[in-house]
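What follows is a single structure, written as structure tokens, with notes after it.
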Number of protein chains: 2
Amino acid sequence: MDVDTRLVRYFVAVADEGSLTRAAQRLFVSQPALTKQIRHLETLLGVRLFTRSRLGMTLTEAGRALADRAPALLADCDRVLRETKSAASRAARVLRVGFLASAANEATQDIIAMFGRLRPGWRVDMRQAAWSNPTAGLADGEVDAALLRLPFPGQDAFRVEVLLTEPRWVALPSAHPLATRDVIPFRDLWDEPFVAAPDETGWWRDYWLATDDRDGRPPRIGATTDHPDDWLQAIANGYGIALAPQSSARFYARPGVTYRPVTGVSPSQVGIAWPPEAGANPVVQDFVRCCLEIRAEPLPPADPDRADGETLDE
Amino acid sequence: MDVDTRLVRYFVAVADEGSLTRAAQRLFVSQPALTKQIRHLETLLGVRLFTRSRLGMTLTEAGRALADRAPALLADCDRVLRETKSAASRAARVLRVGFLASAANEATQDIIAMFGRLRPGWRVDMRQAAWSNPTAGLADGEVDAALLRLPFPGQDAFRVEVLLTEPRWVALPSAHPLATRDVIPFRDLWDEPFVAAPDETGWWRDYWLATDDRDGRPPRIGATTDHPDDWLQAIANGYGIALAPQSSARFYARPGVTYRPVTGVSPSQVGIAWPPEAGANPVVQDFVRCCLEIRAEPLPPADPDRADGETLDE
DNA sequence: TGCGTCTATAACCTGTTGGAATGGATGTCG
DNA sequence: CGACATCCATTCCAACAGGTTATAGACGCA
């Protein structure tokens, strides 16, 4: 009795949504494909999992039994695969650290340097992730730890420590009328077109559109990008504006793009996250400890440009 | 990151056997197919799981990590699917009981009758299994409990109670020279061709060939069958002889087939088995209780033919 | 009556799986 | 030393499974 975990994930999506159509778009497959797969799962088990109606798909008792147990099963599955990949990198003495562009900053090199002293012989492999991968590879075991903007989707399944908190600013085309203002209230930006992250990032996309701070009215989308370079390009080209952490003003400075402080949006946080099972991995623990130490007492700046910007968290 | 459980099972087999070739025949696939699948799993994970050599396949550290965790994962998977199927039959008020032909006997009807009084409204669905399915569907959740000959492959994963112990006899073509003897020492049968269960039953096949009682010399196979009817037919046709529980002499009497007691082979046991998770299912518990009650005090025989044969266990 | 919202079905394309045959490297035994 | 056994890898081919688009059918609602 072999069941592809994909089938189970499909099942969970349909059970969650109560509808093939909606589940299909959440999974980025066509509705007929989902129909077939769910039927396939049912014949595989010899059990009817849903009762169909015009209103959608309702779980049968058997379906309910599976829906109750499947998420834990899938999580176990993911954990085992993560542990396997982690064992491989451990054997090679490589610590894989994922990061979203906006989550790395000046402190990162200090962290790596400190880790290097703590664990000579180990190599840190920093992997930048696209925004469509909001856990930077943590979820599928591609990395042992990740520097992320908080919150991130699925955060509850991981261990997280906050490293810093900083205000969100806005990035505008330099020619934009508001670019001359010193500080911009967010509500003045409600009707501006935004450069957004791809749909499939869900939560992440909404966070950077600040949908919570718009008083319910929907954002206008001027462009969608998946990478910092495209993002800057889109803003410079005037396709739209975007919120960004304050530190982007230094890291992603570019002619044609101007950054300005914004009032009326909550600040953003950077955190270090690692999978729960890495609690048993002393190397990951050491890396996390480096992050926390650097947070507590940043190394003395080698360069005066270094010390501006972040507000330490605590 | 979706991995078919089939891939994991393949991996476990190769890890166990330390060889693609041997694992392939255990899995009843060709060796090239296995080669491809293992490579596929490796590229899927982005991790080398084995180091290849002329001596076979050796686990890498990552492979060891996976091999340590995979069996539990697969067991969880099977359990969840079993529970799903079980929920379905429970909702329909059906108790599914599997049995191997030779494990059902006169007591079975008494058990069902007793269960019927204990659980009115419930239906017992008795499902005879082929010998190629030595757990009678217990392993893949097709049944809630099973009447089996002991021991059976994978027995440790289930709860088992012994119901009766009876000697093994031999079934011969009536025209066979030995058919005139009252009792036959097993060693007189060592060189006879046997009608055996299919290869893939492994343990089960060996048990009924009594390979343990042959002093190391290999059995001769005259024919292979997967079902009682074929089995009787093969014996009647003279393709070979076979060991069988004493009670077969009554249940599988047929012109052209003669049963005789045999000395020098261990007796056979019948047991009731159920999955550990069914401990939470009172209906399964009731059925097991019926089995044990009938074992302890068989109902008074309605027919004089009924009481011969079995030796009660304890 | 026409529209929107569901699921089911049909026709089609492609990638993957599995089988048989074969190759190549390496030991082993007479 | 040569024949043979034992591994894994490769190639070629047939079958199938999974995906897509387009469309049908059922139903409630304005």
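Worth knowing before you read on, the calculation uses all heavy atoms, side chains too, and leaves out hydrogens, waters and symmetry mates.
- We find that CG of A:Leu55 is positioned 9 Å from C1' of D:dG28, with the value rounded to whole Å.
- Where A:Arg52 and B:Phe28 meet DNA chain C, the nucleotide closest to each residue was compared, and A:Arg52 sits on the side nearer the 5' end.
- A residue-by-residue look at A:Arg39 and A:Gly56 shows that A:Gly56 has its nearest nucleotide of DNA chain C further toward the 5' end.
- Under 4.0 angstrom from either OP1 or OP2 of D:dG19 there lies at least one side-chain N or O belonging to A:Tyr10.
- Taking every side-chain heavy atom of B:Arg6 into account, C:dG18 is the closest of D:dT21, C:dG18, D:dA9.
- Among the nucleotides C:dC6, C:dG19, D:dT20, the one closest to the side chain of B:Ala33 is C:dG19.
- Atom CG in A:Leu41 sits about 15 Å away from atom P in D:dA17, given to the nearest Å.
- Applying the 4.0 Å criterion to OP1 and OP2 of C:dC6, one finds that A:Ser19 has every side-chain N and O outside that range.
- Annotation: salt bridge (charged side-chain N to carboxylate O under 4.0 Å, His left out) contacts of B:Arg48 (sequence neighbours excluded): B:Glu42.
- A:His40 has a side-chain polar atom (N or O) that falls below the 4.0 Å cut-off from OP1 or OP2 of D:dG18.
- Between A:Gln31 and A:Asp4, the residue anchored closer to the 5' end of DNA chain D is A:Asp4, taking for each the nucleotide with the nearest heavy atom.
- Taking atom CG of B:Leu34 as the reference point, atom P of C:dT16 lies 18 Å away to the nearest angstrom.
- With D:dT20, C:dC6, C:dG19 as the choices, the nucleotide that has an atom nearest any side-chain atom of A:Thr21 turns out to be C:dC6.
- Residue contacts for A:Phe50: at a heavy-atom cut-off of 4.0 Å it reaches no nucleic acid atom on any strand shown.
- In this structure, the CD atom of A:Gln25 is 13 Å from the P atom of D:dT20, given to the nearest Å.
- Rounding to whole angstrom units, CG of residue B:Asp2 and P of D:dA17 are separated by 18 Å.
- At whole-Å resolution of the value, CG in A:Leu27 and C1' in D:dT20 are 16 Å apart.
- Under the ring pair (Phe, Tyr, Trp, His ring centres under 6.0 Å) criterion, the residue pairs touching residues 31-63 of chain B are B:Phe11-B:Phe50, with sequence neighbours excluded.
- Contact annotation: A:Gln37 reaches the phosphate of D:dG19 (side-chain N/O to OP1 or OP2, under 4.0 Å).
- In this structure, the NZ atom of A:Lys36 is 12 Å from the C1' atom of D:dT21, given to the nearest Å.
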- prompt: Checking side-chain hydrogen bond (donor to acceptor under 3.5 Å, both in side chains) for the pair A:Thr211/A:Asp206: CA distance, chi angles, key distance, verdict?
  reply: CA-CA 6 Å; A:Thr211 50; A:Asp206 290 343; 4.5 Å; no

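- Looking only at atom types and distance, the side chain of A:Thr35 has a donor-acceptor partner in the side chain of A:Gln31 under 3.5 Å away.
- Note that B:Arg79 lies outside the cation-pi zone of B:Phe158, set by a 6.0 Å cut-off to the ring centre and a 45° limit from the axis.
- Taking atom CD1 of A:Ile38 as the reference point, atom P of C:dT9 lies 15 Å away to the nearest angstrom.
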